[in-house]
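Working notes for the structure below.
Computed from heavy atoms alone, side chains included, the values below leave out hydrogens, waters and symmetry copies.
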Amino acid sequence: MPINIMFVDDEPNTVSVVKLLVELEQPEWIFHAAYDGEMALDIAVRTPIDFVLLDISMLGMDGIEVCKRLRQMPDMAHRPIVMLTALDTPQRREQSKSA
């Protein structure tokens, strides 16, 4: 059974690099790219996502809000979501823990 991984980031270059790395290391995985929060939620409604890599700092809906909304979806309530950020502030880390 294939693994569906979704990477959510509003930086297209970052998405491209992560996609390439996933395809090289795990070619059997199916990579889903979302460039904003709304796109991520739409993909999660239509596709059985197994694992999410989610940038915290995005324009519009940030990763913390996306995570909260994903957790409200029955199919996503217990799926692994890894939050990523270049920011290193205690406040952002605490916010991501509560998402």
**Report entry** Spacing of M39 atom CE and D10 atom CG [to the nearest 0.5 Å]
**Finding:** 12.5 Å
Query raised in the report: When clusters are formed by joining ILVMFWY residues with side-chain heavy atoms under 4.5 Å apart, either directly or through shared neighbours, do M61 and L59 land in the same one?
Result: no
Query raised in the report: Does E28 CD have over 12 foreign heavy atoms under 6.0 Å away?
Result: yes
Query raised in the report: Is there a chain of hydrophobic side chains (I, L, V, M, F, W, Y, each step under 4.5 Å between heavy atoms) that links L24 to V17?
Result: no
Report summary line: Heavy-atom nearest pair, I56 first then D62, reads O-CB, 3.3 Å
**Report entry** Rounded distance [0.5 Å steps], CE in M76 versus CZ in R71
**Finding:** 6.5 Å
Query - M6 side, atom CE; I30 side, atom CD1 - distance, nearest 0.5 Å - result: 13.5 Å
Requested in this report: Drop me the distance from I81's CD1 to H78's NE2, to the nearest 0.5 angstrom.
Outcome: 11.0 Å
Query raised in the report: Cluster question for you: counting only ILVMFWY and a side-chain heavy-atom cut-off of under 4.5 Å, with indirect links fine, are V66 and F51 together?
Result: yes
**Report entry** L54 CG to F7 CZ distance, which is reported to the nearest 0.5 Å
**Finding:** 9.0 Å
Requested in this report: Return the minimal non-hydrogen interatomic distance between A33 and V15, and the atom names on each side.
Outcome: CB-CG1, 3.5 Å
Query - ILVMFWY cluster, V18 and I3 together (side-chain gap under 4.5 Å) - result: yes
Query raised in the report: Are R79 and D75 close enough for a salt bridge, meaning some N to O gap below 4.0 Å?
Result: no
Requested in this report: Determine the minimum heavy-atom distance between D55 and T85, stating which atoms define it.
Outcome: OD1-CA, 4.2 Å
Query raised in the report: CZ/R69 to CD1/I64 distance, rounded to the nearest 0.5 angstrom?
Result: 13.5 Å
Report task. Look at the side-chain heavy atoms of Ile, Leu, Val, Met, Phe, Trp and Tyr, link any pair under 4.5 Å apart, and say whether L41 and V45 land in one connected group. Result -> yes
Report summary line: Looking only at heavy atoms, the pair that brings E38 and D36 closest together is N-OD1, 3.2 Å
Query raised in the report: Is the shortest heavy-atom distance from the side chain of V22 to the side chain of I5 under 4.5 Å?
Result: yes
Requested in this report: Would you name the heavy atoms of M73 and A44 that are closest together and state the gap between them?
Outcome: SD-CB, 3.8 Å
**Report entry** Heavy-atom donor-acceptor pair, N4 side chain to P48 backbone, under 3.5 Å
**Finding:** yes
